A.B. asks: 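One structure coming up, written as structure tokens, with questions to follow.
These values consider heavy atoms only, across backbone and side chains, with no hydrogens, waters or symmetry-generated copies. All of these numbers come straight from a predicted model, not from anything done at the bench.
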Amino acid sequence: LAIFTVLPALCALSVGRIITSLFTQAELDQNAALGTAKFNILVNIYSVVLALTLIGSWDSYNAIRDSVKKEVSSLYTLNLVIDFYRGDENAALRSEMRVSMGRYISAMVDGEWPYLRTGVLERSAEPEFRRMVRSFLDVTPTAQFQDALSGNVSLFLDTLSESRITRLWAHSRAMFMMGWALLFTTTVAVLSFQW
């Protein structure tokens, strides 16, 4: 906010100083009527760009919120699935599922969630995600209900993967940065060319 407030003002003051050094006051006064029309048009553009930026931000927020809800729901369901692999022979399998899920959640919260705030992905949770997926897919069913459950597990993992991709891509939309760039340019123009 400080950059997009102070920097345009400094740029506008610099451009304004150059303009006043190149043109006389009489020349600037002759352009006053045209300048008013230009100023009004630029203010309208400024308002539209600001509105588009706010709408884009709200849309991005909703997309990320919905994807996080789906992701958490899928993780919760997968956690419930672990208990269907009963028996001592599946103890190691259940342990690997729980450990891999815990590591994925930890890596996601520590590495990927700050990206939603900063826009810089410091660490991807992709290795932990792949390990978790393998722990659920590399299962040999020992009962008939486990065989039927494996198809549903694939659907849960697909939903989880789609939600994760949506969450990671929702923040990197070009519209957001284009809106800010246009807003910056328009601010400089409005403040500089007011005559």
A.B. asks: Can you tell me if T77 uses its side chain to pair, donor with acceptor, with the backbone of S73 under 3.5 Å?
C.D. replies: yes

A.B. asks: Are V99 and L75 connected in a single hydrophobic cluster, I mean Ile/Leu/Val/Met/Phe/Trp/Tyr linked by side-chain heavy atoms less than 4.5 Å apart?
C.D. replies: no

A.B. asks: Using 0.5 Å steps for rounding, measure from the CD1 atom of I64 to the CH2 atom of W113.
C.D. replies: 11.5 Å

A.B. asks: Is there a donor-acceptor pair under 3.5 Å between the side chain of S163 and the backbone N or O of T159?
C.D. replies: yes

A.B. asks: Through direct or indirect side-chain contacts below 4.5 angstrom among Ile, Leu, Val, Met, Phe, Trp and Tyr, which residues connect to Y76?
C.D. replies: L80

A.B. asks: Tell me, do T166 and K70 make a side-chain contact under 4.5 Å, heavy atoms counted?
C.D. replies: no

A.B. asks: Drop me the distance from L157's CG to N152's CG, to the nearest 0.5 angstrom.
C.D. replies: 11.0 Å

A.B. asks: Is there a path of hydrophobic side-chain contacts, each under 4.5 Å between heavy atoms of I, L, V, M, F, W or Y residues, that connects L155 with I82?
C.D. replies: no

A.B. asks: Would you say S124 and F129 make side-chain contact, with heavy atoms under 4.5 Å?
C.D. replies: no

A.B. asks: Can you name the closest pair of heavy atoms from M101 and N79 and give their distance?
C.D. replies: CE-N, 3.7 Å

A.B. asks: Would you mind listing every side-chain hydrogen bond (donor to acceptor under 3.5 Å, both in side chains) that reaches into residues 82-100, with sequence neighbours excluded?
C.D. replies: D83-R98, E96-R131, S100-S135

A.B. asks: Is the CZ atom of R17 crowded by more than 12 outside heavy atoms at less than 6.0 Å?
C.D. replies: no

A.B. asks: Kindly compute the distance separating NZ (K69) from OG (S74), expressed to the nearest 0.5 Å.
C.D. replies: 14.0 Å

A.B. asks: Just so I know, are the side chains of R164 and E126 near enough to count as touching, which here means a heavy-atom distance under 4.5 Å?
C.D. replies: yes

A.B. asks: Any chance you could measure S106, atom OG, to R103, atom CZ, to the nearest 0.5 Å?
C.D. replies: 9.5 Å

A.B. asks: Are M97 and V139 close enough that some pair of their side-chain heavy atoms sits under 4.5 Å apart?
C.D. replies: yes

A.B. asks: Test of understanding: clusters of I, L, V, M, F, W, Y form through side-chain heavy atoms closer than 4.5 Å, transitively. Do V109 and V68 belong to the same one?
C.D. replies: yes

A.B. asks: Look only at the side chain of E128 and the backbone of M108, and say whether a donor-acceptor pair between them is shorter than 3.5 Å.
C.D. replies: no

